[in-house]
Amino acid sequence: MWRTLFIGAIVMSGTIMNGCTKGPFPDKAPAEYVKAELNKLSPVALECDLSGLSVADKKTLAKVVEAARVLDDLFLEQVYVDNPRILQELENSDENDYLQLFKIMFGPWNRIDHDRPFLFKKEKPLGAAFYPEDMSKEEFQNYIKANPALEKDFTGTFTVIKRRDGKLVAVPFHVVYKTKVEKVSKLLKQAALLTDDPTLKKFLDLRADAFLTDDYFASDMAWMDLAGNLEVVIGPYEVYEDNLFNYKASYESFVCIVDHEESAKLAAVSKYLKEMEAHLPIPNKYKNFNRGSSSPIKVVQEVFCSGDTKAGIQTTAF
């Protein structure tokens, strides 16, 4: 996947609130542990200068952020099947600290403490919610060996493996998450109507369609051509949440404003990449002069991020 360079700030967000030992989770970690974990995190307000944006840019930005917010719910569901139910139970309880940690970690496992469970004693499923919890690696691999025609769908980036009538089946993301992806698609279409940047309009239109088909190639190519003030990355990208096979992608977004002046400085340096490669103090056999140079490199100011990119500790570069 083509990526862009992001220069921003680490955000480890957490609002400290008073907790309580009562609630629907009798095996939860001690309140002192949760409080201490929250105290490790500092709320940081990201501020960005919007003065250089046109009225159309600002309206488009607001609509894109609205779409990006939906990816928080999408990713929460990808992490663990019961996450929506757990979230509702926490919101209906007085377990404020546990709720806050749950929202930061996108689930009941502490990502900055080796996925330690803090609401119950169950370990985090290696395959997240991309596979049946009772499915082993061996079962998956043996099933593909017995059904080689299914391998492409089973190992695909945008499918969830489910068990139906005793058999494993691969279900496309746009089917599993139908209601949410339709909402994202609709909001991106609305954003495309607001922008006066033709490159962004093309990307948003194609990306809206891609959410409904899981075919992201055309919109990825359109993303390469973005040339305006807004930098938008939205969709399923990284596969780190799938610790079983690293096949399945998680939904995430980065919504940013391009710093054209700083990007120009970086572009000037990129002209000399091959020359710098030639002068590296390593044997020539380790040098790579065929590295692609068509991918855009930009410096941006982050406005909003969601989904996989903000789970636990938020991403600083992509």
Fill in: Contact list for residues 52-61, test side chain to side chain donor-acceptor pair (under 3.5 Å), sequence neighbours left out
Ser54-Asp57, Asp57-Asn229

Worksheet item: Does Lys180 have any salt bridge (Lys or Arg N to Asp or Glu O under 4.0 Å) partners at least two apart in sequence or in another chain, and if so, which?
Response: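 With sequence neighbours excluded, Lys180 shows a salt bridge (Lys or Arg N to Asp or Glu O under 4.0 Å) to Glu77, given in chain and number order.
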
Worksheet item: Arg164: what forms a salt bridge (Lys or Arg N to Asp or Glu O under 4.0 Å) with it, not counting sequence neighbours?
Response: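 Here no residue qualifies.
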
Item to complete: Using a strict 4.0 Å threshold on nitrogen-to-oxygen distance, state whether Lys248 and Glu241 make a salt bridge.
Response: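 Glu241 and Lys248: not salt-bridged.
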
Worksheet item: Should the pair Asp205-Lys201 be classified as a salt bridge under the 4.0 Å nitrogen-to-oxygen rule?
Response: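 Yes.
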
Donor-acceptor contacts, no H, no angles, side chain residues 183-190, under 3.5 Å, sequence neighbours left out:
| unit_1 | atom_1 | unit_2 | atom_2 | d |
| --- | --- | --- | --- | --- |
| Ser185 | OG | Ala208 | O | 2.8 |
| Lys189 | NZ | Asp209 | OD1 | 3.1 |
| Gln190 | OE1 | Lys63 | NZ | 3.2 |

Discussion item. Looking at Ser306, is its backbone amide N or carbonyl O close enough to the side chain of Asp72 to form a donor-acceptor pair, meaning the two atoms are under 3.5 Å apart?
Written reply: no

Worksheet item: Do side-chain atoms of Asn147 reach the backbone of Ala149 as a donor and acceptor pair under 3.5 angstrom?
Response: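 No, because the side chain of Asn147 does not come within donor-acceptor range (under 3.5 Å) of the backbone of Ala149.
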
Item to complete: Please name all residues satisfying ring-ring contact (aromatic ring centres under 6.0 Å, His included) with Phe173, sequence neighbours left out, ordered by chain then number.
Response: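 ring-ring contact (aromatic ring centres under 6.0 Å, His included) check on Phe173 returns Tyr177, Tyr251.
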
Worksheet entry | Contacts of type ring-ring contact (aromatic ring centres under 6.0 Å, His included), residue Phe130, not counting sequence neighbours | none

Worksheet item: Hey, are the side chains of Asp82 and Pro108 touching, using non-hydrogen atoms and a 4.5 Å cut-off?
Response: no

Worksheet item: With no hydrogens and no angle check, do the side chains of Glu37 and Asn110 hold a donor and an acceptor under 3.5 Å apart?
Response: yes

